[in-house]
Amino acid sequence: MLNSLLVSNSFAQLPPEFYTRLQARGLNNPSLLHVNSDVAGLLGLSPEQTASEDFLRIMSGNAPLPGGVTLAAVYSGHQFGVWAGQLGDGRAHLLGAVAGHDASGNPCDWELQLKGAGLTPYSRMGDGRAVLRSSVREYLASAAMVGLGIPTTLALCITQSDDPVYRETTETAAIVTRVAPSFIRFGSFEHWYANRRPDLLRELLNYVVCRFFADEVKLAQNDAEVPAMVCGFLDSVIRRTALLMADWQCVGFCHGVMNTDNMSILGLTIDYGPYGFMDGFQANHICNHSDTEGRYAWNQQASIGLWNLYRLANCFISLGVTQDALVQCLDRYEPIFTEAFREKMIRKMGLVQWQDGDEELIDQWWQLLHAQKADFTLSFRYLSEVMHDDSRFLALFTDRPAAEQWLRQYKARIALMEGNGQERVDSMNAVNPLYVLRNYLAERAIWDAKLKNPSTIEKLLTVLRNPFVEQAGMEQFAALPPEWANEIAVSCSS
Ligand code: AMP
Ligand code: MG
């Protein structure tokens with residue numbers, strides 16, 4: 001039934017050093033927990049196709065994609081600031097790329113990858129499996145990001161099984177089918193630099209530029225043109241990464257493991273593990289319990305993005321690009337991030353255009369949220385209604401006088417603005433989500449998933465698809481976290 005899909009294997013046409021061809025090791029007795037119909041649509045898959053036995057066999061790792069070449073890719077990376085050497089797809093199997101279209105309807109190829117389909121030569125100490133808990137978290141987060149308009153890898157479906165997987169406790173296995181134009185990472189480039197293979201580094205660069213940056217970067221026709229190609233390419237990756245960091249910061253998203261092997265060369269959010277959307281705001285919030293030093297805390301993400309870009313840029317020394325040229329590119333990161341972040345903040349706060357004093361107003365806003373651990377999402381959301389009714393907003397703060405004091409300044413600033421207040425409210429609500437994937441909501445979906453019940457996943461996908469629009473009957477998904485949410489510990493274990 002899936003034989004009609006047009007499958008290409010461009011990654012498999014790279015030299016054999018880039019990957020190992022292999023077979024997935026499927027789940028026993030699998031069942032399909034959920035399919036994201038939006039993602040299926042991008043791939044041109046009909047509901048009949050995703051409901052078929054063929055589909056389940058492929059997505060549970062029990063049959064190859066017709067016409068596809070299954071492989072695991074090699075890469076390396078810096079983990080927690082330290083060179084980790086060779087890594088690679090330790091539990092991800094690339095099945096091939098399906099011809100589909102993007103959200104705007106333009107034709108494109110989508111790579112399909114099974115996460116959790118068994119051992120590969122790069123599994124190291126791992127078992128090649130993914131537990132249901134982390135698979136549900138990845139599945140939901142990918143959809144949440146799409147709804148928020150933040151670049152991300154996608155997730156097509158989850159298959160599950162009763163196969164046991166051993167972590168801190170015994171859990172069960174699942175596979176998420178991930179979808180992206182490419183899963184190439186910063187670490188894919190670092191790999192060839194570390195292995196002193198500038199020939200393969202150049203090969204990878206050509207591949208990535210031709211396929212994904214052709215509109216922005218001119219392919220070098222000879223060695224002399226390589227530095228210009230590298231700088232054009234880096235400029236683009238730097239821009240995408242800086243914009244991604246601004247996006248994350250503005251919705252209170254913490255990735256949790258920003259190792260260079262978890263950084264997409266396309267500027268997508270990738271490798272959802274111990275991520276978190278903040279509930280109560282803490283500037284130094286750490287979402288990953290394994291991150292004892294807070295290297296990947298919320299207020300570190302933008303500078304870690306740059307640190308990672310330095311690791312990427314450094315590889316191109318081996319292609320004859322000077323350090324000066326690379327640093328010149330890297331110096332563009334900070335202004336791009338800062339401008340994007342400021343623009344977003346102005347819009348989130350409903351200020352329309354920068355005025356004198358806004359810097360202080362926004363600084364004091366962050367201080368207020370931090371000091372009171374006020375809810376990130378609802379503080380922004382309810383700020384839009386304060387000129388009309390400030391009760392819901394003020395109820396988010398424990399030290400009311402402090403919140404009232406800040407609010408007086410804010411109201412005075414807003415009162416100076418021209419125009420109709422409704423426009424401001426609408427514009428703020430269009431960038432301040434009401435629904436985000438709070439940890440406790442993911443947790444509820446996981447409880448149900450363990451009972452093979454996809455109903456919470458289904459409801460969450462419905463609200464997260466349109467997180468800026470209040471939806472009737474969905475109040476529970478916009479609620480503050482219950483007391484038990486504080487107990488949820490998210491670590492690298494997945
Ligand atoms: P992560 O921190 O999840 O990005 O993983 C770092 C590296 O460990 C990557 O190369 C993964 O493919 C690999 N890895 C993580 N978990 C497993 C597992 N259960 N089995 C095999 N490899 C894994
Ligand atoms: Mg990873």
Side-chain angles (χ1 to χ4, degrees), residues 18-20 22-27 61 70-94 111 113-139 141-142 152-153 155 160-161 163-178 180 182-191 194-195 254-266 268-276 286-293 295-296 304 308 311-312 490-494:
F18 282 85
Y19 50 79
T20 301
L22 74 180
Q23 280 189 335
R25 291 249 325 266
L27 302 177
T70 305
L71 59 84
V74 69
Y75 49 81
S76 295
H78 282 82
Q79 298 188 319
F80 290 91
V82 179
W83 176 243
Q86 181 183 305
L87 306 163
D89 292 333
R91 52 167 167 175
H93 289 68
L94 183 68
E111 287 192 342
Q113 199 185 57
L114 302 182
K115 184 167 176 182
L119 292 169
T120 79
Y122 317 112
S123 298
R124 300 183 300 158
M125 311 297 281
D127 57 4
R129 294 297 179 199
V131 297
L132 179 63
R133 161 179 57 87
S134 63
S135 305
V136 169
R137 282 174 51 83
E138 168 141 16
Y139 185 73
S142 317
T152 178
T153 60
Q160 69 183 145
S161 132
D163 290 346
V165 179
Y166 306 99
R167 298 291 181 261
E168 282 85 358
T169 59
T170 304
E171 304 190 42
T172 56
I175 292 177
V176 179
T177 302
R178 305 202 290 190
S182 170
F183 294 93
I184 294 174
R185 299 131 194 282
F186 288 13
S188 313
F189 289 81
E190 290 176 279
H191 184 73
N195 283 280
C254 300
H255 182 282
V257 213
M258 288 177 67
N259 295 334
T260 56
D261 55 302
N262 291 339
M263 296 290 292
S264 152
I265 203 69
L266 304 182
L268 309 172
T269 314
I270 193 172
D271 279 10
Y272 293 95
Y275 70 84
I286 305 166
C287 61
N288 175 2
H289 278 238
S290 316
D291 181 12
T292 46
E293 307 280 310
R295 178 179 174 84
Y296 299 137
I304 291 290
N308 290 340
R311 304 287 79 71
L312 173 67
V490 183
S491 72
C492 278
S493 152
S494 60

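Remember, it's 1-based here, ligands and their atoms both numbered in the order they're listed. These figures come from a predicted structure and were not determined experimentally.
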Practice prompt. Please examine the side chains of R124 and L87, heavy atoms only from C-beta on, and report whether any two atoms are closer than 4.5 Å.
Written response: yes

Fill in: Within reach of ligand 1, part of L119 (heavy-atom separation under 4.0 Å)
neither

Discussion item. Considering non-hydrogen atoms of the protein only, which is the closest contact for atom 21 (C) of ligand 1, and what is the distance?
Written reply: G90 O, 3.1 Å

Response to the item:
Closest to atom 6 (C) of ligand 1 among protein heavy atoms sits Q79 NE2, 3.7 Å

Worksheet item: At a 4.0 Å threshold, what atoms of ligand 1 neighbour a non-hydrogen atom of G126?
Response: 18 (C), 20 (N), 21 (C)

Worksheet item: What distance separates F189 CZ from R311 CZ, expressed to the nearest 0.5 Å?
Response: 16.0 Å

Worksheet item: Would you say the side-chain atoms of S134 and R167 include a donor-acceptor pair closer than 3.5 Å?
Response: no

Worksheet entry | Backbone of F186 reached by a side-chain donor or acceptor of N308 within 3.5 Å | no

Worksheet, complete the sentence: Ranked by distance from atom 17 (C) of ligand 1, the top protein heavy atom is R91 NE, 3.5 Å

Discussion item. Among the N/O/S atoms of D271, which is closest to the Mg ion (ligand 2)? Give the atom name.
Written reply: OD2

Discussion item. For S76, is there any backbone N or O sitting under 3.5 Å from a side-chain donor or acceptor partner on D261?
Written reply: no

Practice prompt. Specify the protein heavy atom at minimum distance from atom 19 (N) of ligand 1: its residue, its atom name, and the distance to 0.1 Å.
Written response: D127 OD1, 3.0 Å

Worksheet item: Under 4.0 Å from any heavy atom of S123, which atoms of ligand 1 are there?
Response: 21 (C), 22 (N)

Worksheet, complete the sentence: Taking only non-hydrogen atoms of L87 and a 4.0 Å limit, the atoms of ligand 1 in range are 10 (O)

Item to complete: Identify the protein heavy atom lying closest to atom 20 (N) of ligand 1, giving its residue, its atom name and the separation to 0.1 Å.
Response: G128 N, 2.8 Å

Discussion item. Testing D89, L94, L266, L268 one by one against F183 for a side chain to side chain contact (heavy atoms under 4.5 Å, CB included), which residue passes?
Written reply: L94

Worksheet entry | Any side-chain heavy-atom pair of D271 and R185 under 4.5 Å | yes

Fill in: Part of Y75 within contact of ligand 1 (heavy atoms, under 4.0 Å)
side chain

Practice prompt. Of the side chain and backbone of R124, name the one, both, or neither that has a heavy atom under 4.0 Å from an atom of ligand 1.
Written response: side chain

Response to the item:
Here the gap from E190 atom CD to N195 atom CG, rounded to the nearest 0.5 Å, amounts to 11.5 Å

Item to complete: Taking only heavy atoms of R129 into account, list the atoms of ligand 1 that are under 4.0 Å away from them.
Response: 19 (N)

Worksheet entry | Presence of N, O or S from N259 under 2.8 Å of the Mg ion (ligand 2) | no

Worksheet item: For ligand 1, which atoms, with element, lie under 4.0 Å from some heavy atom of D271?
Response: 4 (O)

Fill in: Separation between CG of L22 and CG of L71, rounded to the nearest 0.5 Å
7.5 Å

Worksheet item: For ligand 1, is any non-hydrogen atom under 4.0 Å from Q86's backbone (N, CA, C, O), its side chain (CB onward), both, or neither?
Response: neither

Discussion item. Under a 3.5 Å threshold, yes or no: a donor from one side chain and an acceptor from the other, between T153 and Y272?
Written reply: no

Discussion item. Take a 6.0 Å sphere around CZ of R25 and say whether it holds more than 12 heavy atoms from other residues, nucleotides or ligands.
Written reply: no

Item to complete: Could you list the atoms of ligand 1 found under 4.0 angstrom from a heavy atom of G88?
Response: 9 (C), 10 (O), 11 (C), 12 (O)

Worksheet, complete the sentence: Min over N262, V257, N288, N259 of heavy-atom distance to atom 4 (O) of ligand 1 lands on N262

Worksheet item: Looking only at protein heavy atoms, which one is nearest to atom 5 (O) of ligand 1, and how far off is it?
Response: D261 OD2, 4.6 Å

Item to complete: Using atom types as modelled and distance alone, determine if a side-chain donor or acceptor of S135 lies under 3.5 Å from a backbone N or O of V131.
Response: yes

Response to the item:
So the atoms of ligand 1 within less than 4.0 Å of a heavy atom of R167 turn out to be 19 (N)

